[in-house]
Visitor: 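Below you will find the structure I want to go over with you.
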Amino acid sequence: MENMKQFWEQYKGAIVGGLIGLLILCTNLYRLVIGIILIAIGIYIGNYVQYNKSSVKERLKKLIDKM
């Protein structure tokens, strides 16, 4: 019994995380999570481009010239 308690205390976070991941997978909530992540990435890229217009333009020009 002591070994089981020690195992639970040591791996409690991993077990709970695995159960939550399994629940997300079984209920197709991963589509929502992926969508939210993609929206956040889009927001970050848009904000970066807005504040660094000149450097982004130069990088794109160099990239197009290489092609």
Visitor: Can you measure from CD1 (Ile64) to CZ (Arg59) and round to the nearest 0.5 angstrom?
Guide: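 Interatomic distance, Ile64 CD1 to Arg59 CZ, rounded to 0.5 Å: 14.5 Å.
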Visitor: Using the rule that Ile, Leu, Val, Met, Phe, Trp and Tyr join whenever any side-chain heavy atoms are under 4.5 Å apart, tell me whether Ile34 and Ile36 fall into a single cluster.
Guide: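 Per the 4.5 Å side-chain linkage, Ile34 and Ile36 are co-clustered.
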Visitor: To the nearest 0.5 Å, what is the distance between CG on Asn28 and CG on Leu32?
Guide: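 Going from the CG atom of Asn28 to the CG atom of Leu32 covers 11.0 Å.
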Visitor: Between Leu23 and Leu19, does a side chain to side chain contact (heavy atoms under 4.5 Å, CB included) hold up when you go through it step by step?
Guide: CA-CA 6 Å; Leu23 179 68; Leu19 290 174; over 6 Å; no
Visitor: Given the rule that I, L, V, M, F, W and Y join up when any side-chain heavy atoms are under 4.5 Å apart, are Ile15 and Met4 in one cluster?
Guide: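 No.
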Visitor: Applying a strict under-4.5 Å side-chain criterion to I, L, V, M, F, W and Y, I'd like to know whether Ile41 and Tyr51 cluster together.
Guide: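 No, because Ile41 and Tyr51 fall into different hydrophobic clusters, even though each may have its own neighbours under 4.5 Å.
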Visitor: Hey, is the main chain of Tyr48 close enough, under 3.5 Å, to the side chain of Asn52 for a donor-acceptor pair?
Guide: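 Between the backbone of Tyr48 and the side chain of Asn52 there is a qualifying donor-acceptor contact (under 3.5 Å).
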Visitor: Enumerate the ring pair (Phe, Tyr, Trp, His ring centres under 6.0 Å) contacts for residues 5-44, please, sequence neighbours excluded, ordered by first and then second residue.
Guide: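 For residues 5-44, and leaving out neighbouring residues, the ring pair (Phe, Tyr, Trp, His ring centres under 6.0 Å) pairs sorted by first residue read Phe7-Tyr11.
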Visitor: Measure the spacing between CE of Met67 and CG of Asp65 and express it to the nearest 0.5 Å.
Guide: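 Here the rounded value is 11.0 Å.
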Visitor: Could you state whether Ile37 and Ile45 fall into the same hydrophobic cluster, counting links through intermediate Ile, Leu, Val, Met, Phe, Trp or Tyr residues with side-chain heavy atoms under 4.5 angstrom apart?
Guide: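 Yes; Ile45 is reachable from Ile37 via cluster members.
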